[in-house]
Visitor: 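The structure follows.
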Amino acid sequence: MKTEGVRTRFAPSPTGYMHVGNLRTALYAYLMAKSQNGTFILRIEDTDQERYVEGAVDIIYNTLREAGLFWDEGPDIGGPVGPYIQSERMSMFKKYAEQLVESGHAYYCFCDKDRLEEVRVLQKASGIAPKYDGHCRNLSKEEVAQKLAANTPYVIRQKMPLEGTTSFHDEVYGLITVDNDTLDDQILIKADGMPTYNFANVVDDHTMGITHVIRGSEYLSSTPKYNLLYEAFGWEIPTYIHCPPVMKNATEKLSKRNGDASYQDLVAKGYLPAAIVNYLALLGWAPKGEQEIFTMDELKKEFSVSGISKSPSIFDGQKLDYVNAEYIRQLPLEQFHEIALPWIRQTVKREDVDTRLIAKVLQSRTEVLNQIPEQVDFIDRLPEYDTALYVHKKMKTNEETSLEALKAVLPVLEGLEDFTEESIHEALFRLIADLGVKNGYLLWPVRVAVSGKQFTPGGGVEICAILGKDESITRIRKGVALLSK
RNA sequence: GGCCCGUUGGUCAAGCGGUCAAGACACCGGCCUCUCACGCCGGUAACGCGGGUUCGAUUCCCGCACGGGUCACCA
């Protein structure tokens, strides 16, 4: 078994969509391993058949791969410590639990659920913290043997120390100490012979050689129990790295239920996987320097546990937008065109337009891809517009000057044989010089006439080039007609 | 409720006894400019509260408040 170096794991349950908090935990586990040249392992924890969701494993695979988190060992590719699907590891747990019974760290418990429930109700009524009352804790060997022989259903429980304290060190939270009397004699092996998550997790992590356990802070309070288990087995305790939760607002954790916090929802809206990952890295972790935009390779170099914060962070859509915009702008035009095309095509059905020209004006104006369709909706059809649009104080234009300007522009454009952005630009600016007017005096009316909108990606020249000669001239004539009324 | 954890601008956050308390997003102004956007320049805005310790606390200690987590034969 190759277990040298740092080994981390991501151990999701296939219960549905992957939300960003989950993905962030996976990212940190990945970065922890990769920043140390270590091994990143994927383990599927599918022991809860009731919550199992069809296709959820594929979602996990796809999300991780798209996000660039490639595992070195996992269910699909195998590895030295497999199987990597928890349900296939079931046979090993019981003997570990029996070993603990043998050494006095665990015991058989024959209490049925009814009795347990009774005890719980009683404890609650008298204001005591609900906890197993130790009924079977000190059964004699004979009693146990007898019940076992009689096929009495049983579970195996961990025997917690009655007094003293248990401490552990967490890399982000520091030293945490709890009183042992608050620890419940938790169940290790259920009546059906299957391990509980808590037990399977410890055994799996150890047998898979995990050196750094990275998980959500909700496991902070059960960690002392895990440690007691490690100690009982005489196993080396892993380094713990607990991450604070990602919040939806000040009081609610991000949930898959409401909202769109899942990774695939974000992608569907037009966020780039790399941008999502970059933003997530920043949510709850701070790099040493001022840089915020990182490639995955840079993140691997930069990542350090000391930068993980202790307090919950609220998921901020605005900052994600910014990071996404940053990624979009960094793309080579050709690549941006490729990813923007399906979005452009939502509103631009015309085949005779150069979508590259459209992509070019869109690139610096798009934060999220889903903003594209609305921006280019005027290309297929000129919207109805009010001539008041021609009035622009700063451009020093109004309906009269605009009519004049459009009339001057018309023959110039009509005379253009080569109708490209460059030639249009050249022709129009020559006209501007000839007329001795301000750029906006001429160009603002053109932009309005060809777009019918107050705001557009690109200016009049660029839009004419996109629309083509015929359509541009038709629209300008339409403008002249409107203004002549 | 018991136990554990947390609390710096609206948000993400740096800070680790002495700082004019970084930076980013957002917001507001300006410049650039054929609109919008990009880009550039500038601005507003924060240490939860109360006690200690100390020459000096955002930093250390104790309470309180608020928030989160956890108390299953779920994971």
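Throughout, protein chains are lettered first and strands after them, A, B, ... in sequence-line order, and every chain is numbered starting at 1.
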Visitor: What does the list of N/O pairs under 3.5 Å between the protein and nucleotides 39-41 of chain B look like, with a distance for each?
Guide:
from, atom 1, to, atom 2, distance (Å)
rG39(B), OP1, Arg329(A), NH1, 3.3

Visitor: With rounding to whole Å, what would you report as the distance between rG43(B) and rG69(B) at their P atoms?
Guide: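 Looking at atom P only, rG43(B) and rG69(B) are 40 Å apart.
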Visitor: Do any side-chain nitrogens or oxygens of Arg24(A) fall under 4.0 Å of OP1 or OP2 in rC12(B)?
Guide: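 For rC12(B), neither OP1 nor OP2 has a side-chain N or O of Arg24(A) closer than 4.0 Å.
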Visitor: Specify the separation, in whole Å, of atom CD1 of Ile358(A) and atom C1' of rA37(B).
Guide: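 Checked: the CD1 to C1' distance equals 17 Å.
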Visitor: Please work out which of the three classes, parallel, tilted or perpendicular, describes the rings of Tyr219(A) and Tyr197(A), given edges at 30° and 60°.
Guide: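 Tilted: the ring planes of Tyr197(A) and Tyr219(A) meet at 30° to 60°.
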Visitor: Using atom C1' in both nucleotides, what's the gap between rA24(B) and rG9(B) to the nearest angstrom?
Guide: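 The answer is 13 Å between these two C1' atoms.
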Visitor: Pull out every stem in RNA chain B, meaning runs of 3 or more consecutive Watson-Crick or G-U wobble pairs with both distances under 3.5 Å.
Guide: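 Stems for RNA chain B, defined as runs of 3 or more consecutive pairs: B:1-7 with B:65-71, B:10-12 with B:23-25, B:27-31 with B:39-43, B:48-52 with B:60-64.
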Visitor: Looking at every strand, decide which applies to Gly440(A) at a 4.0 Å heavy-atom threshold: base, sugar-phosphate, or nothing.
Guide: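 Here Gly440(A) touches the backbone only, sparing every base.
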Visitor: With RNA chain B as reference, determine whether Arg365(A) or Ile314(A) sits nearer its 5' end, using the nearest nucleotide of each.
Guide: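 Nearest-nucleotide comparison on RNA chain B picks Ile314(A).
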Visitor: Can you tell me if Glu384(A) has over 12 outside heavy atoms packed within less than 6.0 Å of its CD?
Guide: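 Check fails, neighbour count at 12 or below.
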Visitor: Measure from CG on Asn227(A) to C1' on rC4(B) and round the result to the nearest Å.
Guide: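 Taking atom C1' of rC4(B) as the reference, CG of Asn227(A) is at 14 Å.
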Visitor: Taking the six-membered ring of Tyr132(A), is the NZ or CZ of Arg157(A) close enough (under 6.0 Å from the centre) and on axis enough (within 45°)?
Guide: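 Yes, a cation-pi geometry.
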Visitor: Could you check whether Trp285(A) and Phe303(A) have their ring centres less than 6.0 Å apart?
Guide: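 Yes, the ring centres sit under 6.0 Å apart.
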Visitor: Does His242(A) have any ring pair (Phe, Tyr, Trp, His ring centres under 6.0 Å) partners at least two apart in sequence or in another chain, and if so, which?
Guide: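 Listed in chain order: Tyr240(A).
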Visitor: Provide the distance between the two C1' atoms, one in rA14(B) and one in rG52(B), to the nearest whole Å.
Guide: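 One C1' to the other, the span is 28 Å.
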Visitor: Could you tell me whether Lys159(A) and Asp185(A) make a salt bridge, using a distance below 4.0 angstrom between a side-chain N and a carboxylate O?
Guide: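 Judged by the 4.0 Å cut-off on N to carboxylate O distance, Lys159(A) and Asp185(A) do not form a salt bridge.
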Visitor: Could you check whether Gly216(A) gets within reach of a base, just the sugar-phosphate, or nothing at all, counting any heavy atom under 4.0 Å?
Guide: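 Answer is nothing: Gly216(A) stays at 4.0 Å or more from every strand.
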Visitor: Suppose you measure atom P in rU58(B) against the same atom in rA21(B); what distance do you get, rounded to whole Å?
Guide: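 Result for the P pair: 10 Å, nearest Å.
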Visitor: Tell me whether Arg120(A) is salt-bridged to Glu117(A), with the criterion being a basic N under 4.0 Å from an acidic carboxylate O.
Guide: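 Between Glu117(A) and Arg120(A) there is a salt bridge, with a charged N closer than 4.0 Å to a carboxylate O.
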Visitor: Quick one: Gln318(A) CD to rC25(B) P, roughly how many Å, whole number?
Guide: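 Roughly 12 Å, once rounded to whole Å.
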Visitor: Let's see if you get this right: which residues in residues 424-436 of chain A place a heavy atom under 4.0 Å from RNA chain B?
Guide: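 Going residue by residue through residues 424-436 of chain A, none turns out to have a heavy atom under 4.0 Å of RNA chain B.
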Visitor: Using a 4.0 Å heavy-atom cut-off, write out nucleotides 61-71 of chain B from 5' to 3' as B (base contacted by protein), S (sugar-phosphate only) or - (no contact).
Guide: ------SSSSS
Visitor: Establish, with yes or no, whether the OP1 or OP2 oxygen of rC25(B) is under 4.0 angstrom from a side-chain nitrogen or oxygen of Tyr322(A).
Guide: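 Checking Tyr322(A) against rC25(B): at least one side-chain N or O falls below 4.0 Å of OP1 or OP2.
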Visitor: Quick one: on RNA chain B, does Arg447(A) or Leu282(A) contact a more 5' nucleotide (nearest heavy atom)?
Guide: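 Counting from the 5' end, the first nearest nucleotide belongs to Leu282(A).
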Visitor: Suppose you measure atom P in rC31(B) against the same atom in rC12(B); what distance do you get, rounded to whole Å?
Guide: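 The answer is 34 Å between these two P atoms.
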Visitor: Tell me which pairs pass side-chain hydrogen bond (donor to acceptor under 3.5 Å, both in side chains) where either residue lies in residues 310-320 of chain A, with sequence neighbours left out.
Guide: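 Checked against side-chain hydrogen bond (donor to acceptor under 3.5 Å, both in side chains) - neighbours excluded - the pairs reaching residues 310-320 of chain A are Glu292(A)-Lys319(A).
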Visitor: Over all heavy atoms of both residues, which pair between Ile60(A) and Pro12(A) is shortest? Give the atoms and the distance, please.
Guide: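 In this case the closest contact between Ile60(A) and Pro12(A) is CD1-CG, 3.7 Å.
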